[in-house]
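As C-alpha cells, the structure follows; a few thoughts come after it.
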Amino acid sequence: MSETNPQLTSDELQEWQMKITIANLHNILCHCRHCDKEWVASTYEICSCGSNEVEHILCWQFPDD
C-alpha cells in the first residue's frame, strides 16, 4: 500500500496518476472572461474573440452525469 493513500498499492496509485495526466491532455474546459464563451479543448487556447483572458479548468474535476 502507498504511504500517502493506504487504500492503493504503489502500482495502483501510479496507474491512477497516469490516467489523470492523460485526461488532462484531452479535456480542458475553457471559459473566456471577456465574452463568456465556453468550450472544451485539448490545449490551452485563446478565445475566438481574440482575448487571452481564458480560464482553463481540467474536465476530470467534473463528475459524469
Heavy-atom count check: over 12 atoms from other residues, nucleotides or ligands less than 6.0 Å from His56 NE2?
yes
Can you measure from OG1 (Thr9) to CD (Gln14) and round to the nearest 0.5 angstrom?
9.5 Å
Between atom CD1 of Ile46 and atom OG of Ser51, what is the distance when rounded to the nearest 0.5 Å?
8.0 Å
Determine whether more than 12 heavy atoms belonging to other residues, nucleotides or ligands lie under 6.0 Å from atom CD of Gln17.
yes
So does Glu45 get a backbone contact from the side chain of Thr43, meaning a donor-acceptor N/O pair under 3.5 Å?
no
Taking all heavy atoms of Leu58 and all of Tyr44, pick out the closest pair and write down the distance.
CD2-OH, 3.7 Å
Over all atoms of both residues, closest heavy-atom pair of Cys35 and Cys32:
N-SG, 3.4 Å
Verdict with reasoning, Glu15 to Lys19, per side chain to side chain contact (heavy atoms under 4.5 Å, CB included):
CA-CA 6 Å; Glu15 180 181 348; Lys19 288 178 181 180; 3.2 Å; yes
Do His31 and Asp36 make a side-chain contact, defined as non-hydrogen atoms from C-beta onward lying under 4.5 Å apart?
yes
So CD1 of Ile28 and CH2 of Trp39: to nearest 0.5 Å the spacing works out to 11.0 Å
Is there a path of hydrophobic side-chain contacts, each under 4.5 Å between heavy atoms, that joins Ile57 and Val40?
yes
Let me confirm one number: the SG-NZ distance from Cys49 to Lys37, rounded to the nearest 0.5 Å.
8.5 Å
